[in-house]
Chemist: 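Below: one structure in structure tokens.
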Amino acid sequence: MVCATHSDPFPGLNTAANHNFLARDGITTFAELVDAQQNVYGVGYDLAVLLATLGVGLDGDPVTLKVSLGCDATSRTATPGLGPEPGLNGHNKFEGDTSLTRNDYYLANGDNYKFNTTLYEQMIQQCSVGGINTAGCNFDNLARYRKQRYDDSVAHNGNFYFGPKSVLLYGAASFL
Amino acid sequence: MVKYAVTAALIGRAVAFPWVAETVGMSRRDFANQRLESRADLQTCGFNPDHVPAQGITVKYPYCGAKFPTPGFQICANNLVPAKVCLTSERTCHERADQEPGRHSTRLPAAKEHGHPRSMPR
């Protein structure tokens, strides 16, 4: 998948693709997504199916059951006549604002997929707050960082959108 | 198959009706900045004619035993990802390899990508 300097907005899926639990070229299928979540991250079967359904349904093709992990690869995922299928980069479909280590779509000229080192360092900083240096990125620390990202988006992103799907992504920090 | 095609076509038409988009959790702003959305470098991935599907689990490297439609193990203890003994000559053991040409990825700098043991009761 020739995507210039791009990655996808989900580092866990990126890692799985690096290790060939998902197709290395980033064009994956519903079955691969379900299996990779379980085999790599221990996600439960029901949850894995739910997340894969959302990913393929929102950003991929419901007939071929293919989805691009990053950029738009409609020519390789879509059933003839359907599309466009933006891949998981597609804003406000599976991907949303207030990501842990990615910029908001409208704050970075559409770059909602590249890893942001500054945001990552902020997250690590929150994971060490309160003198609990050994706690790491536990539930409480991640919740605090989530709030920080939400407040930052509210303050700086005039196109900030936090809809029902965003709640699911927020919840990923707890159930994953 | 026909049902899926019709459903997908109807859903695609929904983008023409902002109020429909809003009822499924999208925003009018998604359609407002068409110029941003239509940037060429965000529209398409390069074509890769040599798509290779993911390598699933094997008898030697079963991981958590998930192979769709069969669910994985209810209890998946000591699941080292990738497998601890992983010969570089074995393509099936999920060692990290260089990306497909032109595909880049980012790695979590401090995250333990390799060999992190997992014991995940479900």
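Lettering of chains follows the sequences in order, A, B, ..., and the numbering in each one begins at 1.
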Chemist: Which residues satisfy the side-chain contact (heavy atoms from CB on, under 4.5 Å) test with E121(A), sequence neighbours excluded?
Modeler: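 For E121(A), the residues satisfying side-chain contact (heavy atoms from CB on, under 4.5 Å) (neighbours in sequence not counted) are T117(A).
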
Chemist: Can you see which heavy atom on G72(B) is nearest to which on Q38(A), and at what distance?
Modeler: N-OE1, 2.9 Å

Chemist: Once you round to the nearest 0.5 Å, how far does SG of C76(B) lie from CG of N39(A)?
Modeler: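 Here the rounded value is 7.0 Å.
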
Chemist: Looking at NE2 of H51(B) and CZ of R24(A), how far apart are the two atoms once the value is rounded to the nearest 0.5 Å?
Modeler: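 So the NE2 of H51(B) and the CZ of R24(A) are separated by 12.5 Å.
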
Chemist: Do any N or O atoms from the side chain of Q55(B) and from the backbone of N20(A) form a donor-acceptor pair under 3.5 angstrom?
Modeler: no

Chemist: Following the transitive rule for hydrophobic clusters with a side-chain heavy-atom cut-off under 4.5 Å over Ile, Leu, Val, Met, Phe, Trp and Tyr, establish whether L54(A) and L22(A) coincide in one cluster.
Modeler: yes

Chemist: Looking only at heavy atoms, what is the nearest atom pair of A23(A) and A54(B), with distance?
Modeler: N-CB, 3.5 Å

Chemist: Do the ring planes of F68(B) and Y45(A) sit parallel (below 30°), tilted (30 to 60°) or perpendicular (above 60°)?
Modeler: parallel

Chemist: Side-chain heavy atoms under 4.5 angstrom apart, residues restricted to Ile, Leu, Val, Met, Phe, Trp, Tyr: same cluster for L107(A) and F115(A)?
Modeler: no

Chemist: Can you pull out every salt bridge (Lys or Arg N to Asp or Glu O under 4.0 Å) where at least one residue sits in residues 151-161 of chain A? Sequence neighbours excluded, please.
Modeler: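 Every pair satisfying salt bridge (Lys or Arg N to Asp or Glu O under 4.0 Å) with a residue in residues 151-161 of chain A: K147(A)-D151(A), R149(A)-D152(A).
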
